[in-house]
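Heads up: the structure comes next, in structure tokens.
All residue numbers in this chain count up from 1 along the given sequence.
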Amino acid sequence: MNVRQSREERAAALTAILRKVQVAEYWQPHEPSGYIDTAVRRWTTSDRRIKAGKRTPENRVRDLLRGLREAQGDDLVYEEPGWLEHLADRFGAALLAADASPDS
């Protein structure tokens, strides 16, 4: 991605990537579209939460999962076990593949 890209353009590009992941997979019985904005926001701000020496792909995906869980809130008890982990893994893999580094 272009370094000079605005935050809005970058967020739109990442959102488009995650929508492609959503369409390419069979997500029933759950629909992750409500999580895309949360995932993009969490991904682009991960540098604020992860220390410089610990910014690994695995830690970024873990941070993404924490953000998805926080966004889910009390409704988490109604989800299938492991669903958010699967969502974080798939979204994280797509974002890593796009070489989407977080904003500072």
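- Under the salt bridge (charged side-chain N to carboxylate O under 4.0 Å, His left out) criterion, Arg41 pairs with no residue at all, not counting sequence neighbours.
- Interatomic distance, Arg48 CZ to Asp63 CG, rounded to the nearest 0.5 Å: 11.5 Å.
- The two atoms that bring Ala94 and Val21 nearest to each other are CB-CG2, 3.4 Å, heavy atoms only.
- Between Leu14 atom CG and Asp37 atom CG the span is 11.5 Å, to the nearest 0.5 Å.
- Taking the side chain as every heavy atom from C-beta outward, Leu65 and Phe91 never approach each other to under 4.5 Å.
- Between Thr38 and Gly67, the closest heavy-atom pair is CG2-O, 3.8 Å.
- Smallest separation of non-hydrogen atoms from Ala88 and Val61: O-CG1, 3.8 Å.
- Shown here are the side chain to side chain donor-acceptor pair (under 3.5 Å) partners of Arg62, two or more places apart in sequence or in another chain: Asn59.
- Side-chain contact between Leu96 and Arg60 is present, with at least one heavy-atom pair separated by less than 4.5 Å.
- Between the CG atom of Asp89 and the CD atom of Glu58 there is a distance of 10.5 Å, given to the nearest 0.5 Å.
- Closest non-hydrogen pair, Ala39 versus Leu18, comes out as CB-CD1, 3.8 Å.
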- Message: Under the criterion side-chain contact (heavy atoms from CB on, under 4.5 Å), I'd like the reasoning laid out for Arg7 against Thr44: C-alpha separation, chi angles, the key distance, then a yes or no.
- Response: CA-CA 9 Å; Arg7 288 180 191 244; Thr44 58; over 6 Å; no

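- Hydrophobic clustering (side-chain heavy atoms under 4.5 Å, transitive across Ile, Leu, Val, Met, Phe, Trp, Tyr) groups Ile17 together with Leu68.
- Applying the side-chain contact (heavy atoms from CB on, under 4.5 Å) test to Glu70 and every residue at least two apart in sequence or in another chain returns Arg42.
- Here the CD-CG distance, from Glu85 to Leu87, works out to 9.5 Å after rounding to the nearest 0.5 Å.
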